[in-house]
Amino acid sequence: MRDSNLVPVLTELFKEFRDPSFKEHMSYIQFSLWSECPPSETGMTGLTSKARSHVAPVMGLFTTVGLLVAHGVIDELIPASSMGGSVLRSWARLSPYIYEERERRSDPHYGVFFENLAYRALQNPPSRLKRRMRLKRMPRQWFFAGWEGRPPEEVAALFAPPPVGANQPPPAKPDAARPSQRTP
């Protein structure tokens, strides 16, 4: 992210993404849209008002985030790591309507920021994100390590990597039984 002044903007976008009504819109797109408005019969402008009321907020949010990514305002890893699966599921369901709308409008760029966001999410699956972002994982037994009530530095020591050379055997001690080989 280039500018810390964008933190409030991103916070608001993620707040919208997590809102229960947004989840309802996503659910409608995933499970009801195609049966109520078959994609082969309409573009975006031909959707029913009910369908539009669900599609517009989702497409609007992902277009806005895609615009910010395309202009380099935010790094593609931010949305890919937090909403990539939702972007891809939405694109899979909405792309036939978007392609049809492009033809109807003779506008090959309609929905291009959403499409670009979907492409970037596809290029950054969770396995790749883990490597690119250097994400660390907690050991499975962390909860059972008896950390409750311990000072923070003691808890941190439970998960610290071993010191360099910790897995090496101690250095050999000089053999005390061996007589010194001094010459007079």
Side-chain angles (χ1 to χ4, degrees), residues 1-138 140 143:
M1 188 165 37
R2 283 195 221 162
D3 191 348
S4 63
N5 291 331
L6 289 171
V7 171
V9 172
L10 286 175
T11 301
E12 195 59 35
L13 289 171
F14 285 115
K15 183 178 173 184
E16 183 179 341
F17 176 70
R18 291 188 308 267
D19 190 90
S21 65
F22 190 82
K23 300 300 181 193
E24 288 175 26
H25 299 318
M26 292 285 297
S27 181
Y28 175 86
I29 290 169
Q30 191 68 32
F31 302 110
S32 304
L33 179 63
W34 282 17
S35 61
E36 292 182 19
C37 301
S40 60
E41 298 175 12
T42 183
M44 296 299 273
T45 54
L47 292 174
T48 64
S49 60
K50 177 183 177 184
R52 257 194 315 275
S53 73
H54 289 289
V55 169
V58 172
M59 189 163 168
L61 177 69
F62 292 150
T63 297
T64 301
V65 174
L67 177 76
L68 294 172
V69 169
H71 286 282
V73 176
I74 60 173
D75 188 283
E76 68 185 25
L77 296 180
I78 294 171
S81 63
S82 58
M83 59 179 68
S86 296
V87 168
L88 290 172
R89 282 189 298 280
S90 297
W91 177 257
R93 296 306 252 178
L94 295 175
S95 61
Y97 302 95
I98 293 170
Y99 292 139
E100 179 62 30
E101 193 64 28
R102 286 175 180 174
E103 294 217 6
R104 289 177 181 214
R105 292 181 180 208
S106 298
D107 179 3
H109 303 294
Y110 178 80
V112 73
F113 292 113
F114 179 18
E115 182 176 19
N116 182 61
L117 183 65
Y119 177 81
R120 290 173 186 247
L122 184 65
Q123 297 303 307
N124 289 292
S127 60
R128 190 171 198 202
L129 287 171
K130 182 181 174 191
R131 284 191 311 271
R132 288 187 70 191
M133 295 174 67
R134 297 185 185 139
L135 297 177
K136 305 297 182 218
R137 305 295 297 264
M138 291 292 289
R140 281 188 85 136
F143 185 78

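You'll find the side chain of V65 reaches within 4.5 Å of the side chain of I74, heavy atoms only. The side-chain heavy atoms of F114 and L94, taken from C-beta on, include a pair separated by under 4.5 Å. Side-chain contact between T63 and L67 is absent, with no heavy atoms from C-beta onward closer than 4.5 Å. Side-chain atoms of L47 and L33, non-hydrogen and from C-beta on, do get closer than 4.5 Å to each other. Here the side chains of Q123 and E76 are not in contact, with every heavy-atom distance at 4.5 Å or above. In this structure the side chain of K23 reaches within 4.5 angstrom of the side chain of F17, judged on heavy atoms. For the pair P79 and F62, the minimum side-chain heavy-atom distance is 4.5 Å or more.
Distance check: R52 CZ to S49 OG gives 6.0 Å after rounding to the nearest 0.5 Å. Residue L122 holds its CG atom at 11.5 Å from CG of L117, rounded to the nearest 0.5 Å. Atom OH of residue Y119 and atom CG of residue N124 lie 10.0 Å apart, to the nearest 0.5 angstrom.
When all heavy atoms of L88 and A118 are compared, the pair lying nearest together is CD2-O, 3.2 Å. Contact between P39 and P96 at its shortest, heavy atoms only, is CB-CB, 3.6 Å. Closest approach of G111 and W91 over heavy atoms only: O-CZ3, 4.3 Å.
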Run the numbers on L13 and L68 for side-chain contact (heavy atoms from CB on, under 4.5 Å), then give the verdict.
CA-CA 11 Å; L13 289 171; L68 294 172; 3.7 Å; yes
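Within the structure, salt bridge (charged side-chain N to carboxylate O under 4.0 Å, His left out) pairs that include any residue of residues 96-107 comprise E100-R104, E101-R105, R102-E115 (at least two apart or interchain). Pairs of residues two or more places apart, or lying in two chains, that qualify as side chain to side chain donor-acceptor pair (under 3.5 Å) and include a residue from residues 24-33 are H25-H54, Y28-E36.
Under a 3.5 Å cut-off, the side chain of Y97 and the backbone N or O of V55 do not form any donor-acceptor pair.
A search for side-chain hydrogen bond (donor to acceptor under 3.5 Å, both in side chains) contacts involving N116 returns R120, not counting sequence neighbours.
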